[in-house]
Number of protein chains: 2
Amino acid sequence: MTTIYDIAKRTGYSPTTVSKAFNNYSDVREKTRQEILEAAREMGYLPNAHARTLTTKKSWTIGVLFVEGTGAGIRHPFFGAVIEDFKQVAVEKGYALMFISKDVGGKQSGYLENCRIHGVDGVVVLLSDYGDPYFQELLESNIPMVILDYETAQAHTVCSDNTAGALQAVEYLVSLGHRRIAHISGGKGTFPGKQRELGYIAAMESHSLEIPEGGIVEGAFYSLESGYAAMQQLLALQERPTAVFASGDLLAQGAVMAARDSGLAVPADISVMGFDDIELSKFVTPALTTVRQDTALLGRRAAEVLLSSIDEGRGEMQALVFPVEVVVRESCAPPAEE
Amino acid sequence: MTTIYDIAKRTGYSPTTVSKAFNNYSDVREKTRQEILEAAREMGYLPNAHARTLTTKKSWTIGVLFVEGTGAGIRHPFFGAVIEDFKQVAVEKGYALMFISKDVGGKQSGYLENCRIHGVDGVVVLLSDYGDPYFQELLESNIPMVILDYETAQAHTVCSDNTAGALQAVEYLVSLGHRRIAHISGGKGTFPGKQRELGYIAAMESHSLEIPEGGIVEGAFYSLESGYAAMQQLLALQERPTAVFASGDLLAQGAVMAARDSGLAVPADISVMGFDDIELSKFVTPALTTVRQDTALLGRRAAEVLLSSIDEGRGEMQALVFPVEVVVRESCAPPAEE
DNA sequence: AGTGAATATTAAAGGGCTTACATTTACGGC
DNA sequence: GCCGTAAATGTAAGCCCTTTAATATTCACT
């Protein structure tokens, strides 16, 4: 492995000068720099990131805290899309991404601990359970951080305007003529779930529509299965709703399947609307009418916020909220005449 | 930041002993170790991975080479699933995962270079374009490596039995009574694409079935759009095939949509079969009959192969091939009477 | 020539950890 | 009491790089 010492020996300069040549110090003569760079190329020199980090305290590494345990992980359609765009700008700026787990080598250690051990310069958080004590510990720390799908004054946050999204969704259903609109809520603990539920309630109130007794059902983990189960509950209601707004696309799709299995046609007999616009939503039949989040924008802006927080200190915490839009497809229609 | 020197000072032992205490050397007395560990805990000591790596030459980091550029990246449904399981066993064994890009900080540098700079202990490769010269460069190197969805004698490889899968697919279609079976092939450059096409051809021959002129169409990037276009070509054929075997689920789904847009019902008028069994395949209508790859197994075994290659030297190259299975759902049926 | 200011180069000190090797301590046996 | 061995601990060098402060060189100008 070639080091700056080897280059120094070969060119006759000191290691100091060699190092400076690579780091574009203004006090090495252009001719000298060229000589050194040329030698480095010939010798196949590559800098050692660990040695550099050891002295500079800067690792050029960003920790990625990704949903663990639920079995979704990297597969998670929404977070997966966001992180991909995040990665693009981070890499562009010279950073590498590293997954931070809480149990490494079978030892329970926690996110913060692993961040410290690896000396990451910052962290991007994409979790669904923000109650996790290990996450809280990280949150208390002073590591530059950006969190997705969550809001807190303790860190920069980036999320979609869930409340407004839910509002728009209900608006749309109302505009089709629906009045008995039920809601399949996201998991209790999730931030977007709460927001969307709030938006739903607010929208119903603003139209003076009554929320049917039992008209809000919780679906766990945003999973297809829980959407299915939730829909079964809704269909068993005294007065069956004519439209259902689900907090996630998978929940919605589960609802569609439950309706179908009960002999109801979507959207002829009952309308179903989702949230997220994950990839599969345009392929299912009927294609899902939903609320689209701009994942590319979320990812990109999250990266920008984090990087500038790394460069310029944490500064004022930013809570970025991005607008969403209703994507009309085939799963909603005016209610059937009664 | 607490270091072993701080602990040494506080406990009165030397840094050496402190280091040994952490590394479970047998020559520190149990009582001493306890004292040191206790002090470390009180002082909030955490080891510095970079310093450790610098001396030991072992980074406990695995580089992940993930499809770039096509826009799919982490979203890629198949690779995403595989890497998730890979990650699980790697983390379990104490490794962290780091994404390796070829252009960092706007500089074109290449995979190998970045692996060296970060001193990764090994690399897992999930690419679709294995012709990339930067990948070739990496392949020539001696970095422990496991490659997915590819075969070469130069590295350990893990893939599904694509040929057999294609064979089984055709078998199944034949068993339903189909004889005019067309194929939508994967991209020219992809390894699984070639394998599956070969399997298709072999299967057709073994049944003495003629491959219709123009009955093999290439779909680029395994994308929905190219599946759609390919299907349009097939439907325009003199004698329309009664069944189409597509090299990927997205291709297949595109084909289904093309058929539908041409006024054909799937599977009543034409059967469509896919490959991969990505998540959405069970949600579309008709649910896609396809060939399932065991992504969990692929990921897990890939990790095991890589880790043992790291521990015990590269050794004999292994080419692991895993069986696949036909998943019967709704998109295939016996051909219509003529 | 001599001065001072600017420019170019280097020595040396870390950064936090591991490890080969050296040294000290403990202890049973004579 | 002294020796030898095994067990426990310590010294010091080294991993590769950066950075501060000091030294050397150049050059313009009296």
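Sequence lines set the chain letters: A, B, ... in the order given, protein chains first and strands last, and positions in each chain run from 1.
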Would you give a per-nucleotide map of nucleotides 20-26 of chain C, 5' to 3', where B means the base has a protein non-hydrogen atom under 4.0 Å away, S means only the sugar-phosphate does, and - means neither?
-> B------

Consider only side-chain N and O atoms of Glu113(B) and Tyr134(B), and report whether a donor and an acceptor are under 3.5 Å apart.
-> no

Would you indicate, yes or no, if dT18(D) has its OP1 or OP2 atom less than 4.0 angstrom from a side-chain nitrogen or oxygen of Ser19(A)?
-> yes

Ignoring backbone atoms, test whether Arg29(A) places a side-chain nitrogen or oxygen under 4.0 Å from the OP1 or OP2 oxygen of dT9(C).
-> yes

Output field dot_bracket for DNA chain D (Watson-Crick or G-U, both distances under 3.5 Å, | for other-strand pairs) contains ||||||||||||||||||||||||||||||

With sequence neighbours left out, the residues meeting salt bridge (Lys or Arg N to Asp or Glu O under 4.0 Å) with Arg52(B) are none

Sorted by chain and residue number, the salt bridge (Lys or Arg N to Asp or Glu O under 4.0 Å) partners of Lys20(B) (sequence neighbours excluded) come out as Asp27(B)

What orientation do Tyr45(A) and Phe22(A) show, parallel under 30°, tilted 30 to 60°, or perpendicular over 60°?
-> parallel

Any side-chain to backbone donor/acceptor pair from [X] onto [Y]? Under 3.5 Å, distance only.
X: Asp129(B); Y: Gly131(B); result: yes
X: Thr190(B); Y: Ser128(B); result: no
X: Asn114(B); Y: Ile100(B); result: no
X: Thr2(B); Y: Met43(B); result: yes
X: Glu84(B); Y: Gly299(B); result: no

Donor-acceptor list for residues 143-158 of chain A side chains, cut-off 3.5 Å, not counting sequence neighbours:
unit_1    : atom_1 : unit_2    : atom_2 : d
Thr152(A) : OG1    : Gln154(A) : N      : 3.0
His156(A) : ND1    : Gln318(A) : N      : 2.9
His156(A) : NE2    : Arg314(A) : O      : 3.3

Can you name the side-chain hydrogen bond (donor to acceptor under 3.5 Å, both in side chains) partners of [X], sequence neighbours left out?
X: Asn48(B); answer: none
X: Glu30(B); answer: Arg33(B), Gln34(B)
X: His118(B); answer: none

For [X] and [N], give me the distance from atom [atom1] to atom [atom2], rounded to whole Å.
X: Phe22(A); N: dT18(D); atom1: CZ; atom2: P; answer: 9 Å
X: Tyr13(A); N: dT10(C); atom1: OH; atom2: P; answer: 8 Å
X: Asn24(B); N: dT18(C); atom1: CG; atom2: P; answer: 12 Å
X: Asn23(A); N: dT20(D); atom1: CG; atom2: P; answer: 12 Å

DNA chain C nearest-nucleotide lookup for Tyr45(B) and Ser14(A): closer to the 5′ end is Ser14(A)

Find which nucleotide of DNA chain C each of Pro15(A) and Glu30(A) is nearest to by heavy atoms, and output the residue with the more 5' nucleotide.
-> Glu30(A)

In [range], which ones come under 4.0 Å of DNA chain D, going by heavy atoms?
range: residues 1-12 of chain A; value: Met1(A), Thr3(A), Ile4(A), Tyr5(A)
range: residues 31-40 of chain B; value: Thr32(B)
range: residues 48-62 of chain A; value: Asn48(A), Ala51(A), Arg52(A), Thr55(A), Thr56(A)

Smallest separation among heavy atoms of Leu307(A) and Ala90(A), with atom names | CD1-CA, 4.3 Å

For residues 6-16 of chain B, tabulate all N or O donor-acceptor pairs below 3.5 Å that involve a side-chain atom, not counting sequence neighbours.
unit_1   : atom_1 : unit_2   : atom_2 : d
Asp6(B)  : OD2    : Thr3(B)  : N      : 2.8
Arg10(B) : NH2    : Glu42(B) : OE1    : 2.2
Thr11(B) : OG1    : Ile7(B)  : O      : 2.8
Thr11(B) : OG1    : Ala8(B)  : O      : 3.4
Thr11(B) : OG1    : Tyr13(B) : N      : 3.4
Tyr13(B) : OH     : Glu35(B) : OE2    : 3.3
Ser14(B) : OG     : Thr16(B) : N      : 3.4
Ser14(B) : OG     : Thr17(B) : N      : 3.3
Ser14(B) : OG     : Thr17(B) : OG1    : 3.2

Determine whether the aromatic ring centres of Tyr222(A) and Phe78(A) lie less than 6.0 Å apart.
-> no

